[in-house]
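Step one of this worksheet: look at the structure below.
As the structure is a computational prediction, the values presented were derived from the model and not from experiment. In what follows, chains are A, B, ... by sequence order, proteins preceding strands, each numbered from 1.
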Amino acid sequence: MQRRLRLTRSEDFERLRQTGQSRSHAWLVMNVAANQLPHNRYGIITTKKLGKAVQRNRIKRQLREVLRLLHSQLRQGYDVVIIARPGIMGQPFHAIQRIVEQACHKLMLLSGDGG
RNA sequence: CAGGCAGAACGGGAAAUCGCAGCAGGCAACCCCUGCUGAGGAAAGUCCGCCCUCCACAGGGCGCGGUGCUGGCUAACUGCCAGGCAGGGCAACCUGACGGCAUAGUGCAACAGAGAGGUGUAUUGCGUCGUGCAAGCGGCGUGAGGGUGAAACGGCGGUGUAAGAGACCACCAGUGCGUUUGGUGACAAGCGCAGCUAGGCAAACCCCACCGGGAGCAAGGUCAAGCAGGCGCACGGGGGCUGCCCGUCCCAUAGAAAGCGCCGGGUCGUCCGCACGAGGUGUCCGGUAACGGGCAUCCCAGAGAGAUGAUUUCCACUCCGGGCAACCGGAGAACAAAAGGCGGCUUAUAGGUUUGGCUGGAUA
RNA sequence: GGCCCUAUCGUCUAGAGGCCUAGGACGUCACCCUUUCAAGGUGAAGACUCGGGUUCGAAUCCCGAUAGGGUCA
């Protein structure tokens, strides 16, 4: 994932927490808010509840891969934050991919969703 | 063959496509393209030690902290190797903060028990004397036996005695001093003398010996951006070794600037440190070994919210189901991921591989 | 990433080698009191984070692990 597509600053995370739309699932929580940029930015949060460094890194990389594959299908101009929950531990990649796609669909982020 | 002991190396392998990070080249730079490289034995815990950096260079005393058998290795260590001693195991082997409570002083030992450290004590007992018809009571001697306790002032046999006792004797254990031999040494073995047993706890204070200045790469420097200043600093002030004292050094010296300290405000960016090192591999030499030296060869992660992910094929391993079998189908595969580097320790770890001892059984 | 601190009933705490079979307060439960509830009284249950070591004896001393928390740009 290119560096300009990453969301890093804590003010941005706090802004999404305050003003963004959210969608929760047993495995993850997704926050979305519009930014003033021509592209999307993505942030991933893996807390210590998920386990030690090996587990947290693996979840983060899998979610990043999902977003990379999904990026071209999404409407641009939004900041997206995914917070992983402990239920995601040990789940196969395709199942995680499906859950993220569903969350994007419900938040009207897919290009075919209109509006 | 079974069980057990001590090590060593490994931690699935071979590929394809997409994606990520670094380096080199193609360009003078970005994008882009090509090639190469890209987590571990513990990267972990941060328990020790060192390199490195800063503190205006770090000296002395007190205090504080650490270490503690001997010899060696190392940059250094609470590490490693070899040895001694003590304890455990039939053995291979394992474990040990292993200086000093007879080189000083202080302290502690609940409960039980007569008595818990004072050449101290006397409940029962043994003996004897007095008294009493007797049971018993009282005095004296004794410390062997019983009993209490984690621990009770040598063991066993004899002499001795009213009863007894290292009171005395033989042997043994233990202690101190002297001495001989072996060893660099810790220590071991022996001889002689003394004396007659002189307890435990220093991971209790402490004493002795040795070591330690403090902080840490968010150290520290550099460039850029941004902001708002205020207070304190002479009969001596502020600061540097942190707890104290001395010594010493730095700054200011009365107008301001600069400096130091405290409070407040701003920024949350770039680059360096930051990847050739006490480096890896192979081989030879010295050494019992840890390790040291020579030669050859290799370059082997370097991010900044933090690079290893996804999909697929074949082979290897384990388990489950089916099958006589070949095989077929399915599932699984530990602990855990660099963040300046290095040497150790400790802790976690599925699984198989391999080397050398030991014990028992069987066979020859 | 570095440097520190702490851990005792459900919660807050006392404890400094034996008096600890661990004390107190709030909370919980039972009983008494009251027409009932509250308050009050009486009583009960309930803990030394874990594993080794030193010691006759450890919540306490030493070592290791675990879990929380703080601080530094």
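Using a 4.5 Å cut-off on side-chain heavy atoms (C-beta onward), Arg85(A) and Leu28(A) make no contact.
For rA189(B) and rC172(B), the P atoms lie 16 Å apart once the distance is rounded to whole Å. For the C1' atom pair drawn from rC201(B) and rC56(C), the interatomic distance equals 10 Å after rounding to whole Å. Separation of the C1' atoms belonging to rG79(B) and rC295(B) is 31 Å when rounded to the nearest angstrom. Here, rG287(B) and rG352(B) have their P atoms 43 Å apart, quoted to the whole Å. Taking the C1' atoms as reference points, rG99(B) lies 8 Å from rA209(B), given to the whole Å. For the P atoms, the distance from rG100(B) to rU179(B) is 23 Å, rounded to whole Å. With P as the reference atom, rC19(C) and rA110(B) are 11 Å apart, rounded to whole Å. When the C1' atom is compared between rC274(B) and rU288(B), the two are found 43 Å apart, to the nearest whole Å.
Regarding the sugar-base torsion, rC300(B) falls in the syn class, its angle being within 90° of 0. Classified by its glycosidic torsion, rG309(B) falls in the anti category, the angle being over 90° from 0. Annotated as syn: rA39(B), whose O4'-C1'-N torsion sits within 90° of 0. In this structure rG273(B) sits in the anti conformation; its chi angle is more than 90° from 0. Using a 90° window around 0 for the glycosidic torsion, rG304(B) falls inside it and is classed as syn.
Figure legend. rC3(C) is base-paired to rG70(C); pairs are counted as Watson-Crick or G-U wobble with both atom distances under 3.5 Å. With a cut-off of 3.5 Å on both Watson-Crick or G-U wobble distances, the partner of rU55(C) is given as none. Of the nucleotides present, rA86(B) is the one that pairs with rU95(B) by Watson-Crick or G-U wobble criteria, both distances under 3.5 Å. Look at rG22(B): its Watson-Crick or wobble partner, with both distances under 3.5 angstrom, is rC36(B). In this entry rG130(B) has rC137(B) as its Watson-Crick or G-U wobble partner, both defining distances falling under 3.5 Å. When both distances must be under 3.5 Å, the Watson-Crick or G-U wobble mate of rC191(B) is rG178(B). Nucleotide rA45(C) forms a pair with no other nucleotide shown, judged by Watson-Crick or G-U wobble geometry with both contacts under 3.5 Å. Under the Watson-Crick and G-U wobble criteria, each requiring two contacts below 3.5 Å, nucleotide rU318(B) is paired to rA331(B).
When all heavy atoms of Gln76(A) and His39(A) are compared, the closest pair comes out as OE1-CA, 3.5 Å. Listed here is the closest heavy atom pair of Asn40(A) and Tyr78(A): OD1-N, 2.8 Å. Pairing each heavy atom of Cys104(A) with each of Leu70(A), the nearest pair is SG-CD2, 3.9 Å.
Residues passing the side-chain contact (heavy atoms from CB on, under 4.5 Å) test with Arg58(A) are Gln62(A), sequence neighbours excluded.
One interatomic measurement links the two molecules: CD1 of Ile83(A) to C1' of rA305(B), which rounds to 15 Å at whole-angstrom precision.
Remark: of the listed residues Ile59(A), Ile88(A), Leu67(A), Leu67(A) is the sole one forming a side-chain contact (heavy atoms from CB on, under 4.5 Å) with Ile82(A).
Remark: Arg68(A) engages Glu65(A) in a salt bridge, criterion side-chain N to carboxylate O under 4.0 Å.
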Run the side chain to side chain contact (heavy atoms under 4.5 Å, CB included) test on Val100(A) and Met30(A) for me, step by step, so that the C-alpha distance in whole Å, both residues' side-chain angles and the decisive distance to 0.1 Å come before the verdict.
CA-CA 8 Å; Val100(A) 174; Met30(A) 182 179 280; 4.0 Å; yes
Expected rows: protein N/O vs nucleotides 307-313 of chain B N/O, under 3.5 Å:
unit_1: rA307(B); atom_1: OP2; unit_2: Arg61(A); atom_2: NH2; d: 3.1
unit_1: rU308(B); atom_1: OP2; unit_2: Arg61(A); atom_2: NE; d: 2.9
unit_1: rU308(B); atom_1: OP2; unit_2: Arg61(A); atom_2: NH2; d: 3.3
unit_1: rG309(B); atom_1: N2; unit_2: Glu65(A); atom_2: OE2; d: 3.4
unit_1: rA310(B); atom_1: OP1; unit_2: Arg58(A); atom_2: NH2; d: 2.6
unit_1: rA310(B); atom_1: OP1; unit_2: Gln62(A); atom_2: NE2; d: 2.8

